[in-house]
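So you know, we letter chains A, B, ... as the sequences are listed, proteins then strands, and number each from 1. This one's a predicted model, so the numbers in the text were calculated from it and none came from an experiment.
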There are 4 protein chains.
Amino acid sequence: MSIEIESQIENPDRVEWRREQVVNAAVERFAQNGYHATTIKEIAETAGVSPGLIYTYVKDKEDVLLLVFLAAFRRYQTEIPQKIAGISDPLQKFRAAFRAYCECVGSNLDSTLIAYQESKSLKPGRRKIVQDLEIKTNALISEPLQDCIKAGYIACANVDLATFHLILHAHGWALKNWFFRERISLNGYIEEGLSRFLNSSLTPSGWERWRAEAKG
Amino acid sequence: MSIEIESQIENPDRVEWRREQVVNAAVERFAQNGYHATTIKEIAETAGVSPGLIYTYVKDKEDVLLLVFLAAFRRYQTEIPQKIAGISDPLQKFRAAFRAYCECVGSNLDSTLIAYQESKSLKPGRRKIVQDLEIKTNALISEPLQDCIKAGYIACANVDLATFHLILHAHGWALKNWFFRERISLNGYIEEGLSRFLNSSLTPSGWERWRAEAKG
Amino acid sequence: MSIEIESQIENPDRVEWRREQVVNAAVERFAQNGYHATTIKEIAETAGVSPGLIYTYVKDKEDVLLLVFLAAFRRYQTEIPQKIAGISDPLQKFRAAFRAYCECVGSNLDSTLIAYQESKSLKPGRRKIVQDLEIKTNALISEPLQDCIKAGYIACANVDLATFHLILHAHGWALKNWFFRERISLNGYIEEGLSRFLNSSLTPSGWERWRAEAKG
Amino acid sequence: MSIEIESQIENPDRVEWRREQVVNAAVERFAQNGYHATTIKEIAETAGVSPGLIYTYVKDKEDVLLLVFLAAFRRYQTEIPQKIAGISDPLQKFRAAFRAYCECVGSNLDSTLIAYQESKSLKPGRRKIVQDLEIKTNALISEPLQDCIKAGYIACANVDLATFHLILHAHGWALKNWFFRERISLNGYIEEGLSRFLNSSLTPSGWERWRAEAKG
DNA sequence: CATGAATGAGAATTCATTCAT
DNA sequence: AATGAATGAATTCTCATTCAT
């Protein structure tokens, strides 16, 4: 489950701390110039460490990119469950999950962009790791959605397909942020996506549930 | 309007032909390994020419990437107008335009992906060219949409926003093709996007128009 | 005054030491094959370092050439003042300065040749630096000459013109060294040039001074 | 005696004509940017021919440089004898020869500079040819000088040495032309060099001859 | 004869990675 | 543990030279 990236350093706390330093610097630089155009030296400078240090916490440059991906996924896995914890109504939970997902995108614009732009920069082994994590992250949306279907609130030919639509919408906020930013708030963007989706997917019983909610 | 890329070769037919050769090879390699990981030598080999030849038709490697973008845009500008020519009903025209756009994405999966992944690989001057063309290409959707609004078929707070949603959906086919490919046909994907959009945007008169069409 | 050439290395002693290594190797190779025909790899090999190292002490190949020029000028500026220090008689001082200049040429045959052959290899910015230094170096001759004129020992229509003649003579030792080397000693060459110059430039009072000197 | 440079073209007049075209273009470009920084394409453009054409009249780029040297020497060999023909007095002849030499330099500033800057750009075989021609050209000065010595007008320990001094002075006009140009005329420069030389080399009988000449 | 497109060897330069301190 | 100087493989780009037309 937890992916192991080799480090010459023993102390795990130190490893965590240093890697965070490096990842933050890397996200900043990758987002600006892309993975290939960013040098280890630049990352080191941005992080306030030496190039040599990076190589004691990481095997090679690609590992840094992988760490960037992992850090992003960890945030999804931490924040979304947190935000939907305690919600029992399936429809409410689904909506909360989608909102949480979008908010995660919103606070990780750089990482999300990097994910789209640099996935090809990983060689097969590491690419596989990232793909598996992506699927696992999708479950944060698909499971609540499934529950709505089971509860008869949503009708949906193919859950996975729908999930991808929702996630694409969420990612759209990062992909075209330069455009959306000045025209709509993240909340507006979220609600628009949500209502567009529910509009064409809610069952009559779902509509009722929704209306009831809106009133409450 | 037409962007000039310098070439040492005079004969414009020859330039066109050779550049096409090179662009095809480049798309193939860029899609596989990304722009930076692809060497000029590889492109040359794939195109069946010498590395030196490329530099007689192009100033530098970035020009090759730019040509890839330009070729893609040209296809949109050619094919979409062709497919909507002669349609007078606004709603029909809009749907045809969206279908054409998606089909263009469908037959240019590689270029579309490259566009998302390598936009940062262009330096400001060339990046600007691409951005301008992107806006121009968006008009192929936004104008028919605008006409539907004028005709009272579609209600839409913000045309640009809606256009971006539609285009994001279209690009989604390329971005997540590895996933969609095995689950839904391009046509299914198009109709789903279309109906999702119309579902939440048609005016009553628009619904009527649509139903009438469906019958006819 | 002191020209700054960028280096990635901080420690100035190390920079000085490494650059000296590189310059020595470069002088050797440039003198043999010229600037353009010499590759960085060759210089690196001659210096016993890697090609990459050179680029941590220098921005590009032209910087190496500039360093070669600078090193030569530094030698003139150091050695000539040293050799004329403490001489008060203007005529004696002038002769000492000219001798010192020629000796500098004599111990920097390669650099002097390179200066004549490769001045065009520098692009305007750096060329200007070298020209300014050349003028500054000429002053090492023109000033003592001026003093002789003021003292009434030498009559000279145009000091600059005369300076150039003297310097051309000095450089001649390097330019045609393959010829002179086997026919005349540097000292002979110096005295010949000197007496030729004085012969046609001394005032009567200058002649007297010279004769007095010769006796004493 | 006449150096053979291979050409694929048979007709010798055509060869002469084309080579002249090429040499003129080459001198222009070499003088501006140096031999290495000048491309065959540039020379071809300047000459108004195609790059391919050059290679039918010449084996390689170095041959072009050699042709530049040869053309210069030919001018010396043609013009100097012409200008001293018919002068019988040795002293007058010597002075005429030196003047002619300097004038040759004056009307071939570019070639003279190229000769100093690019001699190293020739590989041994061709370098030898040029050196031999240089020695042969020196004879145009050294022989009249020798005659003056024989006639008892000039006293000179070493003819070759003196010749080199004179030639160095002549070349100085080209080497430092940017400086001399605005301060002295070529004639002034010639006479200055001449008088400086004669001042310290004339025998009493030479002085008398000179004075007699000056009067007449 | 002349052209100019095509070739490919070769050069400068960069940068991930190592390792002595 | 951390540093940063050094390495050298790899890449882009140039240009002398060839050759089909």
Does any pair with a residue in residues 49-68 of chain B pass salt bridge (Lys or Arg N to Asp or Glu O under 4.0 Å), and if so which ones, sequence neighbours excluded? D60(B)-R126(B), E62(B)-K123(B), E62(B)-R126(B), D63(B)-R126(B)

Taking only residues at least two apart or on different chains, which pairs with a member in residues 17-43 of chain B satisfy salt bridge (Lys or Arg N to Asp or Glu O under 4.0 Å)? none

For a quick test of reading the model: is some side-chain N or O of R14(B) closer than 4.0 Å to OP1 or OP2 of dG4(E)? no

Is R18(C) near enough to dA6(F) that one of its side-chain N or O atoms lies under 4.0 angstrom from OP1 or OP2? yes

If you pin T56(B) and Q8(C) to their nearest nucleotides in DNA chain F, which one's is more 5'? Q8(C)

Return the 5'-most residue of the pair G52(B), G48(C) with respect to DNA chain F, ranking by each residue's nearest nucleotide. G48(C)

Donor-acceptor pair, distance only, cut-off 3.5 Å: does the side chain of [X] make one with the backbone of [Y]?
X	Y	result
T56(C)	I9(C)	no
S50(B)	A44(B)	no
N108(C)	S111(C)	no

What is the distance, to the nearest angstrom, from the [atom1] atom on [X] to the [atom2] atom on [N]?
X	N	atom1	atom2	value
E10(B)	dT3(E)	CD	C1'	13 Å
N11(B)	dT21(F)	CG	P	15 Å
N33(C)	dA11(E)	CG	P	12 Å
I54(D)	dT18(F)	CD1	C1'	14 Å
E16(D)	dC1(E)	CD	P	15 Å
I43(C)	dA11(E)	CD1	P	12 Å

Would you please enumerate the stems DNA chain E participates in, each stem being three or more consecutive Watson-Crick or G-U wobble pairs with both distances under 3.5 Å? E:2-21 with F:2-21

Nucleotide nearest Y57(B) when distance is taken to its side chain, options dT3(E), dT7(E), dA5(E): dA5(E)

Which nucleotide in the set dC1(E), dA5(F), dT7(F) lies at the smallest distance from any side-chain heavy atom of I9(D)? dC1(E)

If you round to the nearest 0.5 Å, how far is [atom2] of [Y] from [atom1] of [X]?
X	Y	atom1	atom2	result
I129(A)	L133(A)	CD1	CG	8.0 Å
T38(B)	K120(A)	OG1	NZ	9.0 Å
I5(C)	L67(C)	CD1	CG	4.0 Å

What contact category does [X] fall into here, base, sugar-phosphate, or nothing, at under 4.0 angstrom with non-hydrogen atoms?
X	answer
D63(D)	nothing
L53(C)	base
E45(D)	nothing

If you look only at pairs with a residue in residues 3-31 of chain D, which of them pass as a ring pair (Phe, Tyr, Trp, His ring centres under 6.0 Å), with sequence neighbours excluded? F30(D)-Y35(D)

What N/O pairs connect the protein and nucleotides 10-13 of chain F at under 3.5 Å? Give each pair on its own line.
residue	atom	partner	partner atom	Å
dT12(F)	OP1	T38(B)	O	3.4
dT12(F)	OP1	K61(B)	NZ	2.9
dT12(F)	OP2	I40(B)	N	3.3
dC13(F)	OP2	Y55(B)	OH	2.5
dC13(F)	OP2	K61(B)	N	2.9

Contact list for DNA chain E against residues 21-32 of chain A - heavy-atom distance below 4.0 Å: none

Inspect the surroundings of CD in Q131(A) and state if more than 12 heavy atoms from other residues, nucleotides or ligands are less than 6.0 Å away. yes

Shortest non-hydrogen pair, I54(B) vs I40(B), comes out as CD1-O, 4.0 Å

Quick one: does Y57(D)'s side chain get under 4.5 Å of V22(D)'s, heavy atoms only? no

